[in-house]
Amino acid sequence: MILVTGGAGYIGSHVNKLLNNSGYETIVLDNLSKGHKYAVKWGELVNADLSETDKVKEIFQNNDIEAVMHFAAFSSVAESVEEPEKYFKNNYENTLNLLKVMKEFRVRKFIFSSTASLYGIPKSIPISEDNELKPINPYGESKLMVENLLKDESDFGGLKYVSLRYFNAAGADLDCEIGEDHNPETHLIPLVLDAALGRRGSISIFGDDYSTPDGTCIRDYIHVNDLADAHLKALKYLEEPFNDSNIFNLGNGNGFSVKEVIAACKKVTDIDFDVKIEGRRPGDPDILIADSKKAEEILKWKPQITELEDIVESAWNWHKKIHV
């Protein structure tokens with residue numbers, strides 16, 4: 001039995017589906033503050049918060065939990081700047097609470113949903129796992145605190161973990177059963193698709209004077225199904241008794257600019273919409289692209305949905321389903 005915390009959310013729900021389709025049984029723990037009950041179509045849903053220690057213990061008491069996949073976290077950079085204490089409490093303290101319960105019940109395998117935000121503004125591109133860790137916002141800081149905690153628990157407490165540092169998760173389930181549904185939405189592709197559907201009047205580009213070919217920021221978009229596949233491979237990795245704790249970047253290895261994303265959305269939807277150029281936002285690096293060679297070599301993982309238009313098309317199919 002695999003415990004999936006935050007399994008009603010965007011990435012967690014896709015991983016939960018893949019686990020069940022791969023023969024694993026799952027229990028999803030989610031407080032539904034960000035996730036959606038409808039997204040838990042596989043396994044059992046327990047509506048609880050990780051701060052509720054008694055409810056968390058009940059799950060371990062009543063089930064033979066062999067591993068935990070931990071997605072339950074707040075992830076809005078802007079909100080983390082406004083309410084840092086909320087992020088440290090939820091992202092760090094609640095993870096500490098979860099790890100204490102795991103230790104009590106002798107559950108040793110842990111897969112952590114981490115982030116490329118740990119790297120801050122990188123000094124070199126592409127970004128490998130040994131790049132300097134220097135987050136520039138409380139969200140990234142809270143995730144780094146967890147990674148440091150995991151290292152100590154691995155070195156001294158017997159925990160075996162894999163930390164997966166995502167770049168820009170995008171796209172949706174190809175069967176259109178689940179997808180991205182944030183409120184408020186902060187990710188570029190669904191925001192652009194909102195403009196295509198007329199749910200917003202325009203889409204804004206924040207800065208067109210970066211040191212990139214078209215002047216807009218370049219990001220590494222990785223399809224959510226490929227992220228899910230990496231989690232499954234990370235679980236298989238931890239099931240091998242002689243494998244040590246490890247950290248992996250997960251990215252497409254290609255970068256797409258904001259203008260390229262908008263152009264792909266216009267092409268896929270065959271809809272034109274207004275695009276506005278606004279000033280830069282603070283803290284936006286010019287380019288973020290992952291070096292995922294380590295995951296390819298050790299986990300035998302390789303992204304399968306790498307074309308931008310294919311990623312956008314999967315998101316568009318889901319977007320129309322829930323908003324039209």
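The model shown is predicted, which means the values in this text are computed figures rather than measured ones. Keep in mind that the numbers below use all heavy atoms, side chains included, and drop hydrogens, waters and symmetry copies. The first residue in the sequence is number 1, and the count goes up from there.
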Heavy atoms only: give me the nearest G9-S13 pair and the separation to one decimal.
-> O-OG, 2.7 Å

Do any pairs count as a ring pair (Phe, Tyr, Trp, His ring centres under 6.0 Å) and have a residue in residues 266-321, sequence neighbours left out, and if so which ones?
-> H319-H323

Would you verify whether the NZ or CZ of K160 falls within 45 degrees of the ring axis of F110 while also being under 6.0 Å from that six-membered ring's centre?
-> no

Just jot down the ring-ring contact (aromatic ring centres under 6.0 Å, His included) partners of Y10, sequence neighbours excluded, or say none.
-> H14, H182

Salt bridge (charged side-chain N to carboxylate O under 4.0 Å, His left out): pairs with one or both residues in residues 107-124, sequence neighbours excluded | K123-E132

Listed partners of S142 passing side-chain hydrogen bond (donor to acceptor under 3.5 Å, both in side chains), at least two apart = N91

Salt bridge K294-E129, side-chain N to carboxylate O under 4.0 Å = no

Pair E309 + K267: basic N to acidic O under 4.0 Å = yes

Working for salt bridge (Lys or Arg N to Asp or Glu O under 4.0 Å), residues D49 and K55 | CA-CA 8 Å; D49 191 272; K55 289 186 178 181; over 6 Å; no

Decide, yes or no, whether a salt bridge links D54 with K57 under the criterion of side-chain N to carboxylate O below 4.0 Å.
-> no

Is there side-chain contact between F60 and V68, with at least one heavy-atom pair below 4.5 Å?
-> yes

Of all pairs that satisfy side-chain hydrogen bond (donor to acceptor under 3.5 Å, both in side chains), the ones with a partner from residues 202-214, not counting sequence neighbours | S204-E278, D209-R280, D214-T216, D214-S257

With a cut-off of 3.5 Å and sequence neighbours excluded, list every side-chain donor-acceptor pair involving residues 133-140.
from: N137; atom 1: OD1; to: Y139; atom 2: N; distance (Å): 3.3
from: N137; atom 1: OD1; to: G140; atom 2: N; distance (Å): 2.8

Does one hydrophobic cluster hold both V4 and I59, with members joined at side-chain heavy-atom distances below 4.5 Å?
-> no

